[in-house]
Amino acid sequence: MRSRAAFEDFKFKWNAKYSYAVDSWDKNWDELTMFLDFSVEIRTIIYTTNLIENLKGKLRKYTKNKLSFPTDEAVKKSVYLALNEVTKKWTLPIRNLGLILNQFINI
């Protein structure tokens, strides 16, 4: 597998300096590279975890000023309003969404 050969080159170059990380990657290679079995389109979706973290940060920004909420309904309303504000900036569609959905169905 080409990616394993690239890892071996990386390992040769950096093992002396970053042995702990290189050993960890080596021991967990199958789990770390499992996503390579997916198509490029699905891997692009997998890489979007940064977007999820970004959303979490935005929600926290809107809710952190409140020390407590009087009711569960107040929490729901606050999160709803925060999501409305955050999603106003979401203008780009997901590329190849139809293709990606079909690939998920066929997994």
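On a predicted model such as this, the values are computed, not experimentally measured, just so you know.
- Leu32 and Phe10 fall within the same hydrophobic cluster, where Ile, Leu, Val, Met, Phe, Trp and Tyr residues are linked whenever their side-chain heavy atoms come under 4.5 Å apart, directly or through other members.
- In terms of heavy-atom proximity, Phe38 sits nearest to Arg43 at O-NE, 3.2 Å.
- Evaluation of the side chain to side chain contact (heavy atoms under 4.5 Å, CB included) rule for Glu73 yields Thr71, Lys76, Lys77 as partners, not counting sequence neighbours.
- For Lys11, the side chain to side chain contact (heavy atoms under 4.5 Å, CB included) partners at least two apart in sequence or on another chain are Phe7, Glu8, Asn15, Val22, Asp26.
- Transitive grouping of hydrophobic side chains (ILVMFWY, heavy atoms separated by less than 4.5 Å) keeps Val86 and Leu81 in distinct clusters.
- Take Tyr18 and apply the ring pair (Phe, Tyr, Trp, His ring centres under 6.0 Å) test, not counting sequence neighbours, and it matches Trp14.
- Taking NZ of Lys56 as the reference point, atom CD of Glu53 lies at 4.5 Å (rounded to 0.5 Å).
- For the pair Thr33 (side chain) and Trp29 (backbone), a donor-acceptor distance under 3.5 Å is present.
- Applying the side chain to side chain contact (heavy atoms under 4.5 Å, CB included) criterion to Gln103, with sequence neighbours excluded, gives Ser39, Glu41, Ile42, Leu99.
- Partners of Leu101 according to the side chain to side chain contact (heavy atoms under 4.5 Å, CB included) rule, which considers only residues two or more places apart in sequence or in another chain, are Leu97.
- For Lys88, the side-chain hydrogen bond (donor to acceptor under 3.5 Å, both in side chains) partners are Glu85, not counting sequence neighbours.
- Between the Ser78 side chain and the Ala74 main chain, no donor and acceptor come within less than 3.5 Å of each other.
- Heavy-atom contacts from other residues, nucleotides or ligands closer than 6.0 Å to CG of Asn84 number more than 12.
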